[in-house]
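Residues: numbered from 1 along the sequence shown. Every value quoted in this text rests on a predicted model; they were computed, and no experiment measured them. Just so you know, ligand 1 is whichever comes first in the structure, and atom 1 is the first atom listed for that ligand.
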Amino acid sequence: MQAVVKLLRAEVAHYNWVGIYLVQDGKLVLGPWDGPEATEHVSIDIGQGICGLAAREKRTVVVDDVHAKDEYLACFPATKSEIVVPMLRGEECVGEIDIDSDTPSAFSKADSEFLEEAARMLVDEYFAR
Ligand code: SME
């Protein structure tokens with residue numbers, strides 16, 4: 001998973017910080033990440049922040065302008081937009097891919113589709129029953 005976050009950030013210019021949160025004991029716990037700096041949000045309640053929203057609703061959440069979103073938990077001053085893609089094993093959310101961009105409205109439908117496929121591959125690889 002560390003290799004995956006590193007590759008995503010290296011290959012896509014508008015992916016400035018890439019992390020995987022894993023569900024542990026009902027919380028989102030930060031796993032592998034790649035970016036210029038660490039986030040203080042290493043444990044997030046499901047339902048809290050954009051990360052918690054995506055986990056609770058089990059759907060991809062794209063935020064074009066993080067500062068206009070009440071739920072947003074700020075991590076980095078440079079961040080303008082964010083995408084959070086749940087990793088679903090059947091009906092269960094086992095984790096998520098969280099990407100912050102320094103570009104406003106950075107994430108398109110192509111990013112959602114690509115990252116949803118990446119999330120499926122991660123679940124198949126690491127969370128197969
Ligand atoms: N912004 C996220 C918190 C995690 S950081 O982006 C790494 C949120 O609102 O849940």
Checklist entry - Between D111 and Y15, does any side-chain donor sit less than 3.5 Å from a side-chain acceptor? => result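 Judged by distance alone, the side chains do pair up.
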Checklist entry - Does the side chain of S101 come under 3.5 Å of the side chain of E82 through a donor N or O and an acceptor N or O? => result no
Checklist entry - Of the choices G35, A55, A38, C51, which has the non-hydrogen atom that lies closest to atom 10 (O) of ligand 1? => result C51
Next on the checklist: I need the full list of ring pair (Phe, Tyr, Trp, His ring centres under 6.0 Å) pairs touching residues 35-54, with sequence neighbours left out, sorted by first then second residue.
Outcome noted: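 Non-adjacent pairs meeting ring pair (Phe, Tyr, Trp, His ring centres under 6.0 Å): zero.
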Checklist entry - Using the ring of each side chain (for Trp, its six-membered ring), is W33 parallel, tilted or perpendicular to W17, with breaks at 30° and 60°? => result parallel
Check [Y] with [X], please: is the shortest side-chain N to carboxylate O separation under 4.0 Å?
X: K109; Y: E113; answer: yes
X: K6; Y: D34; answer: no
X: D45; Y: K27; answer: yes

Item to check | ligand 1 contacted by W33 (non-hydrogen, < 4.0 Å) | outcome: no
Nearest-contact summary for [atom] - protein heavy atom, Å:
atom: atom 8 (C) of ligand 1; value: I50 N, 3.3 Å
atom: atom 2 (C) of ligand 1; value: E82 OE2, 3.2 Å
atom: atom 9 (O) of ligand 1; value: L73 N, 2.9 Å
atom: atom 7 (C) of ligand 1; value: C75 SG, 3.2 Å

Enumerate the atoms of ligand 1 whose separation from the nearest heavy atom of [X] is less than 4.0 angstrom.
X: G49; answer: 9 (O), 10 (O)
X: Y72; answer: 1 (N), 9 (O)
X: Y21; answer: 4 (C), 7 (C)
X: D100; answer: 6 (O)
X: D98; answer: 4 (C), 5 (S), 6 (O), 7 (C)

Checklist outcome for this item: Partner of V5 under side chain to side chain contact (heavy atoms under 4.5 Å, CB included), picked from R9, Q2, M1, is Q2
